[in-house]
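Both counts, for ligands and for their atoms, begin at 1 and track the order of listing. Computed from a predicted model, the values in this text were never measured in an experiment.
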Amino acid sequence: MSSVFTKIIKGDIPSYKIAEDENFYAFLDINPNTKGHTLVVPKKEVDKLFELDMVTYTGLLQFANKVAKALEKTVACNRIGMTVVGLEVPHAHVHLIPINRASDINFTTKKAIMQHEEFVALAAAIQRNF
Ligand code: AMP
């Protein structure tokens with residue numbers, strides 16, 4: 001069965017898309033640690049990040065670098081943090097999270113609350129800076 005991220009990439013379920021190319025797709029996390037929390041995913045469906053072939057792995061990091069720069073231009077923050085978890089969705093991805101303090105990257109603390117309109121506007125703003 002396809003992962004939820006493959007369904008997003010194929011357009012079978014909606015996402016707040018930021019950018020994509022032939023091999024990678026970036027979109028806002030639906031349950032963000034902070035506003036602007038973004039997931040960057042290879043279109044190739046492989047469970048664990050460190051099991052990706054090296055071309056996809058390095059390509060993902062290059063694509064994430066561009067997304068992080070767009071994110072940093074858009075969202076007021078000290079910097080963009082990057083982390084790998086993968087406990088919920090078995091499709092390799094990195095989290096890019098605008099952070100001001102270490103707790104912003106902690107997945108067990110309070111989440112940012114955002115409404116649909118705010119997700120749409122934020123994704124569009126990040127897209128413009130990409
Ligand atoms: P993990 O697999 O532990 O790295 O976490 C997966 C992340 O994907 C979580 O932060 C979820 O909020 C996020 N997520 C799950 N489903 C969706 C979705 N349909 N759209 C956007 N983000 C999602």
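- Shown here is Lys69, whose NZ atom has no more than 12 heavy atoms of other residues, nucleotides or ligands within 6.0 Å.
- Here the two rings, on Phe130 and Phe63, have centers that are under 6.0 Å apart.
- The two atoms that bring Phe5 and His93 nearest to each other are CE1-ND1, 3.4 Å, heavy atoms only.
- Donor-acceptor pairing under 3.5 Å is lacking for the side chains of Asn23 and Lys44.
- Closest heavy-atom approach to atom 11 (C) of ligand 1 among the candidates Leu39, Asp29, Val4: Asp29.
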### Task
Carefully, step by step, assess Glu20 and Lys43 under the rule salt bridge (charged side-chain N to carboxylate O under 4.0 Å, His left out).
CA-CA 9 Å; Glu20 80 175 300; Lys43 291 187 174 177; 2.6 Å; yes
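- The closest approach between a heavy atom of Tyr16 and any atom of ligand 1 is not below 4.0 Å.
- Closest to atom 23 (C) of ligand 1 among all protein heavy atoms lies Ile30 CG2, 3.6 Å.
- Distances from ligand 1 to the non-hydrogen atoms of Val84 include no value under 4.0 Å.
- Heavy atoms of His91 come nearer than 4.0 angstrom to ligand 1 in no pair at all.
- Inclusion of Phe27 in the set of residues having an N or O under 3.5 Å from an N or O of ligand 1 is not warranted.
- Nearest non-hydrogen protein atom to atom 15 (C) of ligand 1 is Glu88 OE2, 3.5 Å.
- Atoms of ligand 1 lying under 4.0 Å from at least one heavy atom of Leu28, given by number and element, are 21 (C).
- Atoms of ligand 1 lying under 4.0 Å from any heavy atom of Ile8, numbered from 1 in the order shown and given with element: 18 (C), 19 (N), 20 (N).
- A distance of 6.0 Å or more separates the ring centres of Phe27 and Tyr16.
- Distances from ligand 1 to the non-hydrogen atoms of Ser15 include no value under 4.0 Å.
- In Lys66, the NZ atom is not crowded: 12 or fewer heavy atoms of neighbouring residues, nucleotides or ligands sit closer than 6.0 Å.
- Listed by number with element, the atoms of ligand 1 under 4.0 angstrom from any heavy atom of His95 are 1 (P), 4 (O), 5 (O), 7 (C), 10 (O).
- Checked by atom type, the side-chain pair Thr56/Asp53 shows a donor-acceptor distance below 3.5 Å.
- Checking His116, Glu118, Glu117 one by one against Val120, the side chain to side chain contact (heavy atoms under 4.5 Å, CB included) holds for a single residue, His116.
- Of all atoms in ligand 1, numbered sequentially from 1 with element shown, those under 4.0 Å from a heavy atom of Phe5 are 8 (O).
- Atom numbering of ligand 1 starts at 1 in the shown order; those under 4.0 Å from a heavy atom of Asn31 are 12 (O).
- Summary of contacts: the protein heavy atom closest to atom 2 (O) of ligand 1 is Val89 N, 2.8 Å.
- Judged by distance alone, the side chains of Thr34 and Asp104 never bring a donor and an acceptor atom under 3.5 Å apart.
- Geometrically, ligand 1 and His37 share no nitrogen or oxygen pair separated by less than 3.5 Å.
- Every atom of ligand 1 with a heavy atom of His93 under 4.0 Å away is listed here by number and element: 1 (P), 2 (O), 4 (O), 5 (O), 6 (C).
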